[in-house]
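One structure below.
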Amino acid sequence: MFRPIFFLAFFWLMCHPGFAQYQISGHVTSETYDNQLIYHVALLSETDRSLITGGVFDQPFFQLELKEPIKGLIRISHVGFKDFLAEFDFSKDKLISLDTVVLVPATLNEVIIEANRQMYSSEGSKMIMNVSSTYLKDLGTAIDVLKHAPGVITDHSGNISVFGRGAPLIIVDGRELRAREELDAILSSEIIRVTVDRNPAAGYSADVSSVILIERKKPEQDLLNFEVLNRSSLARKTSNATILNLNYRKGRFTNYLSYQFSGRNMKVFFEDFTENQGHVLPMTNTSNSDHDHGINSHTLLLGNRWDIDSLKYLTFQYNLFSQKHRHTVFDNQRFVRPGQSILINEVNRKMTKVDARHIFTSFYSHTLPRLGSLNLTFDYSNSNRNELANILEFNKTSETSRNLELLNNSNNYIASFNSRFEFNPLGKFNNSLGFRYIQLNNNGATRLWDVSDNVVLNAESNRINESVGAMFYIFSADFQQLTTEIGLRGELTQSKIKLNDGIATDTVYRNLYPSAMVGYAFSDNFSLNIDYARKINRPAFSQINPNFIYADSLTYRIGNPTLKPTISDLFSASFSLPWSLFFVADYEFMKDYITLAFFNDEEVPGRIRITHVNIPESRVFGLNLFSTYRGKKLTVSSSTGIDFPVLNIPYLDTEIQIRKPIWYFRSSVNYRVHERVSVYGDFFYQSNGSQQLLKYRQFYTLNMGISARLMNNRLTVSLEANDILNTYDLRWESKYGYILYTQRADYDVRMLRFTLRYNFGNFRNIFRDNSAIKEEIQRI
C-alpha cells in the first residue's frame, strides 16, 4: 500500500535538485491603502496576450510560478480599478519581485478593445478556437459556436460529433456537461475559447473517444446580473426558444438561476426502401411517410456557490429537464412478394412521449498552494420516460384494418462519485490521480396490445443494473521543446440484465486503458505530437433494453442484451505547421464494433427486426487538415477530413467489404462591415462514401447571416438563413444479412432564424453544470 508513496517521495528527492522554479511576486494595494482587495493576477503571452497562468488573491501579497524562462506581460486587475500592466523577462532573472502596486480607480464608463487575436491555434494535439475576441461571440448559443469548431459536425437536430471520433464528451470549465440540451442555455457571449481533443488521455472516462472543452468568462463582483435571449425560427413550421439567466452575489455566496423554454415544431419527409431476401418470404417494401413533430421542453438550473476562502469553494446544484414530444406519422406502404398480389398499407401512428429528469450535484474544489488541487464531485440523477403509441393500419388491398397500442416506460437512477487530485511538487513534473464509482439502475416495461381483437400480444418487464469502478494515474513532464505524458486507467464493470423473471445476461469485465503522448516543438510554428489511447464504448441502455418499439405490424425495434462493448486502440499524429495550418492523422482498430442492423423475424415471415450487433473487427484511417486566415476585416477558416473504413460484413450468404472513403469540407467566412456589424457565411460538403456500415450519398449546405451589437454592446441582433440552396438531402444505405435498407430524409433545416439577446447587467454565469455523469445519462 505504501510502496507507490515511497516511490514518489524517493523520485521527488532524487529529481528536485535538477530543476529550477521561476517565480514572480509582489504586493497590491489601492490609493486608500485597502489591503482587503480581491484581485486577479494574470501572466500573458508576449505575442498575442493569451493567458499563460494566473490566480485570484484576497491577500496583499501574491506569488505565481512558471516552468520555463519566458517573456511576457503581467496584468493585475480589480473591478472598478484600472488594470496594471508591466513586462517581465525570466531569461534575466529566475526570481522577479515587483514593487508595491497601487491600483487607481477607473474613470471611464466603457472601454472597448478590439484585439486582432488568431481565431485558431494548437496546443500539442489539441485544436483551440478563440471565441471572445471574434465574431463567434455574437452567434447566439454554444451550439452555434460549435458549428465552427475544427472537425466538429452538428446535424439537423443539434447532435454533435467529432469527424471520425463520434460523439464527444463536453466539459465546461473543467466539469462534465450533463446533457446536450444544456448547450442551448450557454450563450456565445460567455465563451472565451473552445478546445477540441481528438485523442484524450486516461484521465477521462475510458468510453470517451473525443473531448470538447469550453472555457467561459469568470464571474465579476456585480451584485445582480440578468440576461435574456429569444430566438424565433421559421421553416415549414415555426419554433421559438427563450433563455433567462440570473445571478445574485453577496459576500462569499452566489445564487444562480437559469431557465429555458423551447417550443420546436418540425415537418419531415422520408422515403424508405427495404429489400428482404430472406429464405422464407422474400419481398420488397417501398414507403413514403410524413412526420409531424411538436416538442415542448423546459430546463431549469438552480445553484449556490460558497467561496469558503480564496482557495476553496463548494457548490450545490439542482437541474430539472422535462419534455413532451408529440409525433404523428402518416405512412403509405407498398409490399411486393414474388408470385403474389401487391399489398398496399396505410399506417397512421400517433405517439406521445414524456420525459422528466432530476439531477442533484455537489462539487468541492480546493487549491493547495505550491502543491496542486483537489476536486470532488457527487451526482444523483433520476429519470422517467413514458411513451404511448397508437398504430392504425388499413390494408387497402383486402380492405381490412388493425389497431395496435404500444406502451413503453422506464425509470432509472444514476449515482456517481468522482475525485481528482493534481500535484506538481517539482515544477517540471505534473501528476494526476483519480477515482470514480458509478451505479446505474434501470427498470422498464413494454406492452403491445391489439385493440381490434382486445388481445395482449406481448408484455415484458426488464431490469438493468450496472456498476463501474475506475482509478487512473497520469504523469507528464516538460523538457524545453519536449513534452511527454503517460497514463493508465483501470476499470471494473459489473452488468446484469433481467428479462421478466429470468437473467438475460450477467457479465463482469476488467480492463486496463493506457495512454501515452510525446511532443516536440521544432520552432514556434512547427511541432509534432504522437498520441496513443485505449478506449471502450459501452452499449447505450436503448441498445440493450429488450423493449419492443413498433413502427407498424411488420417492423419493430428491440435491444440486444448480449451486446458486447467495443474496445478500440487509437493512434494519432498531429503537426502544427506555418501559415496557421494544423494536420492530424489517425488510425483506430476496434474489436466488437457496435452497429445497427436489420434481420428477418424468426416467428413472423416477412417481419423486420431492427437491433444492434457486434462486428468482430473494424478499422478506420483518418486524415484532417485545418487552416485559418485573419485580415483586418476578413476572417476565413477551413477544415477538411477523410476517413477510410476497413470492415467485412455478412450479406446474402457471402461477405462483402466496406472500403469506400468519405470526406468532408467546411469553410466559414466573416466580414466586419462596421465595428459592430458583421456578415458571415458557412459552407459544408460531404461526399459519397461509407461511415462504417452505412453508405451515404453526397450533400452540401450553405448558411448566411448578419449580426449587429447595439446600445453599448448590451443588445445583440442577428438574422440567419439556413440551407439557402435547399440542398440538405440526406440519403443512406445499409446492407447486412439478407436485407438491404435505404432511406432518403428531407429534414426541416431550410429556415430563417431571428435572435435577440439583451444584457441588463454585466452578466457572468459562474455555474458550469458540474455533473460528472453526462455520458451515462446519454446511454439511457
Side-chain angles (χ1 to χ4, degrees), residues 267-292 327-351 389-406 408 446 448-453 455-458 547-558 596-613 649-654 656 693-695 697 729-746:
K267 192 172 184 64
V268 186
F269 303 104
F270 290 94
E271 297 176 5
D272 299 271
F273 175 79
T274 305
E275 183 178 294
N276 186 348
Q277 295 296 329
H279 295 299
V280 179
L281 191 63
M283 71 173 184
T284 59
N285 176 14
T286 304
S287 68
N288 295 275
S289 57
D290 300 347
H291 294 240
D292 277 300
H327 185 191
T328 303
V329 180
F330 177 76
D331 193 4
N332 191 356
Q333 301 176 338
R334 181 184 177 91
F335 297 93
V336 179
R337 298 186 177 101
Q340 298 187 23
S341 60
I342 297 175
L343 173 65
I344 298 177
N345 245 8
E346 288 184 352
V347 180
N348 281 294
R349 184 168 67 251
K350 294 183 178 180
M351 184 269 288
N390 186 274
I391 306 168
L392 178 62
E393 295 188 23
F394 177 64
N395 187 327
K396 298 181 69 174
T397 304
S398 61
E399 295 188 350
T400 59
S401 63
R402 191 180 190 187
N403 190 3
L404 301 177
E405 186 176 88
L406 178 66
N408 281 316
T446 181
L448 180 64
W449 181 33
D450 190 329
V451 180
S452 306
D453 298 331
V455 175
V456 176
L457 302 178
N458 185 71
N547 280 359
F548 286 82
I549 301 177
Y550 276 83
D552 51 62
S553 61
L554 292 178
T555 307
Y556 71 95
R557 185 167 179 165
I558 188 172
L596 191 68
F598 300 79
F599 296 88
N600 294 292
D601 186 76
E602 293 85 355
E603 298 179 359
V604 180
R607 189 163 67 178
I608 301 296
R609 172 170 56 92
I610 306 173
T611 190
H612 283 81
V613 297
I649 60 171
Y651 182 64
L652 298 182
D653 293 325
T654 185
I656 61 175
L693 200 63
L694 302 182
K695 182 179 179 181
R697 290 276 301 272
D729 187 9
L730 190 61
R731 303 187 185 196
W732 58 273
E733 171 186 294
S734 171
K735 291 181 178 181
Y736 193 88
Y738 294 94
I739 297 176
L740 166 68
Y741 184 83
T742 64
Q743 183 182 87
R744 175 183 177 266
D746 185 2

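Residue numbers count from 1 along this sequence. Since the structure is predicted, the reported quantities are computational estimates derived from the model, not experimental observations.
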Do Asp450 and Arg402 have side chains that get closer than 4.5 Å, going by heavy atoms? yes
Glu346 vs Phe330 side-chain heavy atoms within contact, under 4.5 Å: yes
What verdict does the side-chain contact (heavy atoms from CB on, under 4.5 Å) test give for Phe598 and Leu740, after you've listed the backbone C-alpha separation in whole Å, the side-chain angles of each residue and the deciding distance to 0.1 Å? CA-CA 8 Å; Phe598 300 79; Leu740 166 68; over 6 Å; no
Testing Lys396, Glu393, Arg334 for side-chain hydrogen bond (donor to acceptor under 3.5 Å, both in side chains) with Asn345, which one passes? Glu393
For the CZ atom on Arg607, are there more than 12 heavy atoms of other groups (residues, nucleotides or ligands in this structure) within a distance under 6.0 Å? yes
Using 0.5 Å steps for rounding, measure from the CG atom of Asp601 to the OH atom of Tyr556. 3.5 Å
When you measure from the side chain of Thr397 to the backbone of Ile344, do you find a donor-acceptor pair of N or O atoms at a distance under 3.5 Å? yes
Using side-chain heavy atoms (C-beta onward) and a distance below 4.5 Å, is Leu406 in contact with Leu404? no
State, without any angle test, whether Asn276 and Asn285 hold a side-chain donor-acceptor pair at a distance under 3.5 Å. no
Out of curiosity, Ile649 CD1 to Ser734 OG, how far, rounded to the nearest 0.5 Å? 7.0 Å
Quick one, Tyr736 with Phe599, criterion ring-ring contact (aromatic ring centres under 6.0 Å, His included). Give me CA distance, side-chain angles, the key distance, then yes/no. CA-CA 8 Å; Tyr736 193 88; Phe599 296 88; 5.6 Å; yes
Distance in Å, Ile391 CD1 paired with Thr555 OG1, rounded so as to fall on 0.5 Å steps: 10.0 Å
State, yes or no, whether a side-chain contact exists between Thr742 and Trp732 at a heavy-atom distance under 4.5 Å. no
Nearest non-hydrogen partners of Ile739 and Ile608, listed with the distance: CD1-CD1, 3.5 Å
Nearest 0.5 Å please: distance from the CG atom of Asn408 over to the CE atom of Met351. 10.5 Å
Output the distance between atom CG (Leu457) and atom CD (Glu405), rounded to the nearest 0.5 Å. 11.5 Å
Between Leu596 and Ile610, is any pair of side-chain heavy atoms under 4.5 Å apart? yes
Residues Asn403 and Ser452: side-chain donor-acceptor under 3.5 angstrom: no
Minimum heavy-atom separation for Leu693 to Lys735, with atom names? CD1-O, 3.9 Å
Any side-chain heavy atom of Arg731 within less than 4.5 Å of one from Lys695? no
Side chains of Asp272 and Asp331, heavy atoms from C-beta outward: is any pair under 4.5 Å? no
Could you state the interatomic distance from CD (Gln743) to CD (Glu271), rounded to the nearest 0.5 Å? 10.0 Å
